[in-house]
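All values below come from the heavy atoms of this structure, side chains included, with hydrogens, waters and symmetry mates left out. Throughout, a chain's letter reflects where its sequence line sits, starting with A, and its residues are numbered from 1.
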There are 2 protein chains.
Amino acid sequence: MSITHTAPRFTSTLTSQCQSCSLSALCLPIALADEDINRLDQIIERKKPLKKGEVLFRQGQSFDSVYAVRTGTLKTFNITSSGEEQITGFYCPSELLGLSGIDGNVYPVSAKALETTTVCEIPFSHLEDLSAQIPSLKHQIFKVMSRKISDDQQMMVLLGKKNADEKVASFLLNLSNRFKKRGYSATSFRLSMSRGEIGNYLGLAVETVSRVITRFQKNEMIEVDGKEIAIVGLTEMQKLVGVASDCDKIKNI
Amino acid sequence: MSITHTAPRFTSTLTSQCQSCSLSALCLPIALADEDINRLDQIIERKKPLKKGEVLFRQGQSFDSVYAVRTGTLKTFNITSSGEEQITGFYCPSELLGLSGIDGNVYPVSAKALETTTVCEIPFSHLEDLSAQIPSLKHQIFKVMSRKISDDQQMMVLLGKKNADEKVASFLLNLSNRFKKRGYSATSFRLSMSRGEIGNYLGLAVETVSRVITRFQKNEMIEVDGKEIAIVGLTEMQKLVGVASDCDKIKNI
DNA sequence: CGTTATATTGAAGTATATCAATCCAGGTGG
DNA sequence: CCACCTGGATTGATATACTTCAATATAACG
């Protein structure tokens with residue numbers, strides 16, 4: 001056996017393939033035929049778990065793979081010229097990260113695990129080859145990237161127009177929706193990121209996040225125990241961030 | 001000739017094809033072989049110019065095309081639940097817009113011309129078909145989308161971490177770079193958007209934008225005459241926004 | 001050439017940041 | 001097992017950058 005530069009692979013004793021993965025309905029395999037899932041499966045490398053604080057890829061490092069989160073959570077972040085960290089996203093199971101590296105062949109952000117985290121590594125050149133053969137896979141990649149663009153634009157609206165209360169509420173509801181989508185409780189979950197990381201992401205000071213959270217508790221919108229959080233006033237919170245139906249929005253244009 | 005629901009097409013007297021278009025080196029045709037450019041060319045519809053204020057597509061409208069700007073400028077924007085407009089981007093010649101509609105089959109933003117503007121309409125289903133036959137075209141689309149994602153992330157950093165001076169300076173330098181890339185002056189150009197639109201985009205009040213601009217004039221970083229602007233202290237401005245070399249950034253991670 | 005939108009400038013108000021002081025939880029070592 | 005330590009979280013007091021309100025000034029436009 002020859003020595004390589006690549007990290008050791010983690011091979012589960014079970015068949016940890018896309019087929020049997022509980023996330024297949026949310027992740028890239030969505031909308032693929034069984035045989036196509038198998039082909040996708042073959043290019044994916046399941047890596048050994050990252051411990052909290054470990055880096056998956058680093059800003060400036062040459063791009064070669066995108067990653068799907070299997071368990072745990074990661075954050076992506078930039079280092080600004082003044083040396084501060086700016087978090088650009090949190091990634092939960094089934095979500096894809098690293099896509100922003102395609103353009104420059106370099107990751108423009110770093111990715112770090114917020115807790116013990118496992119990911120599937122998808123070498124991009126292989127994915128691109130395969131996408132030429134499987135139109136629905138290509139379409140799926142377009143969709144994931146498109147989704148990312150519109151999500152990021154929503155985030156800009158949040159950062160540019162909303163006040164502290166609305167920012168925190170939007171953040172919690174966004175997490176809620178993501179948990180819900182993959183079958184977990186929409187109203188009771190654990191925040192894997194610190195208050196500081198939330199503040200950083202939302203463009204707020206830690207203290208402000210803390211104050212908003214205690215205020216929400218007093219208003220009985222949420223119940224908090226450290227990182228555990230329960231949304232008890234979901235509709236009230238939705239009203240706060242202005243969850244309007246599409247109709248409502250469109251009529252105002 | 002049968003009546004159709006589509007808007008009338010504008011056919012230039014000259015052969016206004018991708019081949020002869022001055023933007024081909026920046027726009028989608030980049031990296032395509034001549035014969036492939038012709039195939040791309042055939043699916044593109046050159047539309048008649050939009051007048052200032054006209055809408056190219058509307059938030060909520062069903063998605064079927066992406067657009068490349070040929071001349072002029074557009075803005076994309078969201079209407080928030082409270083009815084305010086939030087501008088999510090400005091688009092200059094050679095830039096592609098509409099990509100965020102792929103995921104939901106609906107445009108999540110509206111696009112409006114800031115001045116007389118011409119665009120090339122690229123029906124997405126055709127583009128997707130063609131991209132299956134031309135790998136370099138597919139790769140190019142991935143790159144454009146990836147680029148958009150990392151640009152938007154930079155924008156988040158700006159909105160989340162920067163003060164008014166840094167925001168305005170970043171905005172001006174960003175425009176400067178875009179003009180430069182397509183052969184125009186990097187230091188002297190015309191702002192096609194109003195102060196209000198700049199403020200909206202940057203998450204600042206109009207008055208703040210105005211004040212920052214006059215301050216920059218007093219500091220002799222810029223010279224302004226209405227919408228005409230000249231950057232006279234380019235390096236100083238770069239210092240202000242912290243244009244760090246990649247090395248500088250990476251060492252701090 | 002008047003009328004309306006856009007831009008500028010000043011004064012006052014406010015949301016959020018910053019500074020500072022506990023408080024608390026989780027992990028470590030005696 | 002408990003005391004200790006360290007980083008995160010909370011809370012209060014103060015500072016400030018930006019917004020908002022208001023009053024011109026200027027440019028755009030029919």
**Student:** Heavy atoms under 4.0 Å, any strand shown: does Gly226(A) hit a base, just sugar-phosphate, or nothing?
**Tutor:** nothing

**Student:** Please evaluate residues Gln86(A) and Thr80(A) with respect to the criterion side chain to side chain donor-acceptor pair (under 3.5 Å), reporting the C-alpha separation (whole Å), side-chain torsions for both, the decisive distance (0.1 Å), and the verdict.
**Tutor:** CA-CA 7 Å; Gln86(A) 166 70 39; Thr80(A) 65; over 6 Å; no

**Student:** To check you understand the geometry: which heavy-atom pair defines the closest contact between Arg70(B) and Leu23(B), and what is its length?
**Tutor:** O-CD1, 3.4 Å

**Student:** Could you give the CG-to-P distance, from Leu204(A) to dA9(D), as a whole number of Å?
**Tutor:** 14 Å

**Student:** For Gly199(B), answer base if it contacts any base atom (sugar-phosphate contacts may also be present), sugar-phosphate if it contacts only those atoms, and nothing otherwise; contact means non-hydrogen atoms under 4.0 Å.
**Tutor:** nothing

**Student:** Just how far, in rounded Å, is C1' of dT16(C) from CG of Leu159(A)?
**Tutor:** 15 Å

**Student:** Using atom CG of Asn200(A) as one end and atom C1' of dA17(C) as the other, report the distance to the nearest whole Å.
**Tutor:** 14 Å

**Student:** Among dG10(C), dA9(D), dA7(C), which nucleotide has an atom closest to any side-chain atom of Lys227(A)?
**Tutor:** dA9(D)

**Student:** Would you indicate which nucleotide in dT19(D), dT9(C), dT10(D) comes nearest to any side-chain atom of Thr214(B)?
**Tutor:** dT9(C)

**Student:** Would you find a donor on one side and an acceptor on the other, under 3.5 Å apart, between the side chain of Glu223(A) and the backbone of Ile231(A)?
**Tutor:** no

**Student:** Are side-chain heavy atoms of Ile87(B) and Ile198(B) found at a separation under 4.5 Å?
**Tutor:** no

**Student:** For Ser210(A), which contact category applies under a 4.0 Å heavy-atom criterion: base, sugar-phosphate, or nothing?
**Tutor:** base

**Student:** Looking at the base of dT20(D), is there any donor atom on it, or on the side chain of Arg211(B), that sits under 3.5 Å from an acceptor on the other one?
**Tutor:** yes

**Student:** In whole Å, what is the span from the CD1 atom of Ile213(B) to the P atom of dT26(D)?
**Tutor:** 17 Å

**Student:** Less than 4.0 angstrom between a side-chain N/O of Thr208(B) and OP1 or OP2 of dA17(D), yes or no?
**Tutor:** no

**Student:** Is the base of dC18(D) touched by the side chain of Glu207(B) through a donor-acceptor pair closer than 3.5 angstrom?
**Tutor:** no

**Student:** Please confirm whether any donor atom in the side chain of Arg195(A) sits under 3.5 Å from an acceptor in the base of dG7(D), or the reverse.
**Tutor:** no

**Student:** Assign Ala164(B) to base, sugar-phosphate, or nothing according to its heavy-atom contacts below 4.0 angstrom with the strands shown.
**Tutor:** sugar-phosphate

